[in-house]
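Worksheet for the structure shown next.
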Amino acid sequence: MPDAGGGEPAALELVKELIARKSVTPEDGGCQEVIAKRLARAGFSCEPMKFGEVSNLWARRGTGHPVVCFAGHTDVVPTGPLHEWHSDPFVPTIRDGRLYGRGAADMKSSIAAFVVAAEMFLQERPNHSGSIALLLTSDEEGPAVDGTVRVVETLKRRNERIDYCIVGEPTSVDALGDMLKNGRRGSLSGKLTVRGIQGHVAYPHLVKNPVHLVAPALAEMAKTQWDRGNESFPPTSFQVSSIHAGTGAANVVPGSVEVDFNFRFSTESSDASLKKRVGAILDKHGLEYALDWTLGAKPFLSKRGELAQTVMKAGRKHTGRSAELSTTGGTSDARFIIEICPEVIELGPVNASIHKLNEHIALAELETLPRIYLDTLRALLP
């Protein structure tokens with residue numbers, strides 16, 4: 001695979017251009033325009049899709065099947081304190097064999113690798129079978145309401161289906177290609193308000209302390225085994241993320257307490273079953289409460305088919321590692337894509353620095369990742 005010049009990875013120039021564009025969610029910063037112009041020169045039909053404040057891009061070359069799609073996001077999380085970065089997060093900087101900048105690992109490098117792999121493939125096979133596509137959004141790090149989910153809805157209405165999809169999320173743990181994702185757990189959040197009776201702390205017989213009342217119920221939920229998981233998913237987990245009560249005075253028992261909690265759940269549970277079990281526990285403890293639920297994502301599992309085998313083979317060839325297939329971690333836009341694509345795999349850079357200060361990617365990863373994507377195209381579009 002040729003370098004960009006001077007021995008640099010072919011994707012380096014593009015990822016540096018993308019990092020330099022401030023695209024804190026839901027902003028795209030013009031990243032998709034840069035990509036669309038480059039893809040158009042390679043023969044792609046590029047269709048911007050704007051929903052609300054969110055920029056999306058659907059680009060496709062070819063009309064036949066199979067459709068091999070690369071998916072990702074151009075938005076990034078906020079930088080955090082600028083003075084704690086060793087260099088400007090929006091000025092791509094190379095130090096000690098690494099490229100630093102916000103989005104370097106999550107996930108502008110993967111997007112650059114997509115583009116470079118597609119360009120290289122088209123140089124080899126300009127008359128390839130099937131289709132190559134890219135699906136990009138600027139709403140993955142945000143509420144994910146007007147991003148990939150809306151593009152998928154549009155494609156579904158047009159009866160456009162994807163056969164294979166590679167999402168460039170940073171899935172690797174210790175070294176590139178050591179872990180792939182072929183599914184994700186569901187996310188179910190609850191906001192619980194338990195009511196009591198406010199009063200002076202010196203007169204406990206006149207108050208009803210909601211913090212004391214809810215504590216045993218929370219302890220029971222923390223100890224509950226919600227399910228045992230299965231071959232593909234770890235057991236469902238319950239975590240409290242916030243407890244808030246009090247009037248600001250140390251001598252006043254609060255009249256209510258608010259508790260935020262979250263389930264990351266396997267396919268052995270459903271959002272309906274979890275809601276029912278939580279309600280039963282709260283009722284058992286005799287609480288006066290209100291509970292609002294938010295379903296962030298349902299769990300999904302992509303079959304271990306041709307795409308998984310192809311990506312794993314390409315990864316072994318270029319890294320020497322046998323990847324672990326996993327469903328751990330947070331949510332991703334793969335949960336939407338699975339609606340129109342039976343085989344979805346996530347593969348991207350090492351995730352140790354994502355969302356952190358001094359986010360970075362090793363230049364060696366930036367050189368290898370396009371090769372893995374390129375070999376996948378070669379295998380799926382003969």
Item to check | Hydrophobic cluster membership, L180 vs V68, 4.5 Å side-chain cutoff | outcome: yes

Checklist entry - Are E119 and R38 ion-paired here, with the side-chain N under 4.0 Å from a carboxylate O? => result yes

Item to check | Partner of L135 by side-chain contact (heavy atoms from CB on, under 4.5 Å), out of V151, L57, N56 | outcome: V151

Item to check | Charged N-O contact under 4.0 Å between E141 and R102 | outcome: no

Checklist entry - Less than 6.0 Å separating the ring centroids of W226 and F265? => result no

Tell me which donor-acceptor pairs under 3.5 Å the side chains of residues 198-217 have, and how far apart each pair is, sequence neighbours excluded?
from	atom 1	to	atom 2	distance (Å)
H200	ND1	A202	N	2.9
N209	OD1	V211	N	2.9
N209	OD1	H212	N	3.4

Checklist entry - How about F121 and H128: are their ring centroids closer than 6.0 Å? => result yes

Item to check | Residue pair D28, S55: steps toward the side-chain hydrogen bond (donor to acceptor under 3.5 Å, both in side chains) verdict | outcome: CA-CA 6 Å; D28 166 68; S55 299; 4.7 Å; no

Item to check | CA sep, side-chain torsions, deciding dist, call: S109, E365, side-chain hydrogen bond (donor to acceptor under 3.5 Å, both in side chains) | outcome: CA-CA 9 Å; S109 290; E365 292 181 66; over 6 Å; no

Next on the checklist: Take a 6.0 Å sphere around CZ of R228 and say whether it holds more than 12 heavy atoms from other residues, nucleotides or ligands.
Outcome noted: no

Next on the checklist: For T376 and K313, which I'm curious about, is there any donor-acceptor pair between the side chains at under 3.5 Å?
Outcome noted: no

Checklist entry - Counting heavy atoms not belonging to D96, are there more than 12 under 6.0 Å from its CG? => result no

Checklist entry - Do we see a donor-acceptor contact under 3.5 Å between the side chains of S353 and N358? => result no

Checklist entry - Is there a donor-acceptor pair closer than 3.5 Å between any side-chain N or O of D178 and the backbone N or O of A323? => result no

Item to check | N351 side-chain N/O to S172 backbone N/O, donor-acceptor pair under 3.5 Å | outcome: yes

Item to check | Residues K37, E17; criterion salt bridge (charged side-chain N to carboxylate O under 4.0 Å, His left out); working and verdict | outcome: CA-CA 13 Å; K37 287 181 178 178; E17 186 173 3; over 6 Å; no

Checklist entry - So, does S23 use its side chain to make a donor-acceptor pair with the main chain of T74 at under 3.5 Å? => result yes

Next on the checklist: Whether the side chain of D75 engages the backbone of E140 through a donor-acceptor N/O pair (distance < 3.5 Å, no angle test) should be reported.
Outcome noted: yes

Item to check | Joint cluster assignment, V115 & V34, ILVMFWY side-chain distance < 4.5 Å | outcome: yes

Checklist entry - Does V77 offer a backbone N or O that forms a donor-acceptor pair with the side chain of T25 under 3.5 Å? => result no

Checklist entry - Is the backbone N or O of S269 less than 3.5 Å from a side-chain atom of S273, with the two atoms forming a donor-acceptor pair by type? => result no

Next on the checklist: Check the orientation of F114 and Y373. Use parallel for under 30°, tilted for 30 to 60°, and perpendicular for over 60°.
Outcome noted: tilted

Next on the checklist: Using the ring centroid of each side chain, check whether F261 and W293 are separated by less than 6.0 Å.
Outcome noted: yes

Item to check | Whether S187 side chain and A297 backbone form a donor-acceptor pair below 3.5 Å | outcome: no

Checklist entry - Does one side chain, of T267 or N230, offer a donor that lies under 3.5 Å from an acceptor on the other? => result yes

Checklist entry - Any side-chain donor-acceptor pair under 3.5 Å between H73 and D106? => result yes

Next on the checklist: A quick test of your reading: do over 12 heavy atoms of other residues, nucleotides or ligands sit less than 6.0 Å from CD of Q239?
Outcome noted: no

Next on the checklist: If the threshold is 4.0 Å, N to carboxylate O, is there a salt bridge linking K356 and E359?
Outcome noted: no

Next on the checklist: I'd like to know if the side chain of D227 pairs up with that of T236 as donor and acceptor (distance under 3.5 Å, no hydrogens or angles considered).
Outcome noted: yes

Next on the checklist: Please determine whether residues L374 and I35 belong to a single hydrophobic cluster, defined as Ile, Leu, Val, Met, Phe, Trp and Tyr linked transitively by side-chain heavy-atom distances below 4.5 Å.
Outcome noted: yes

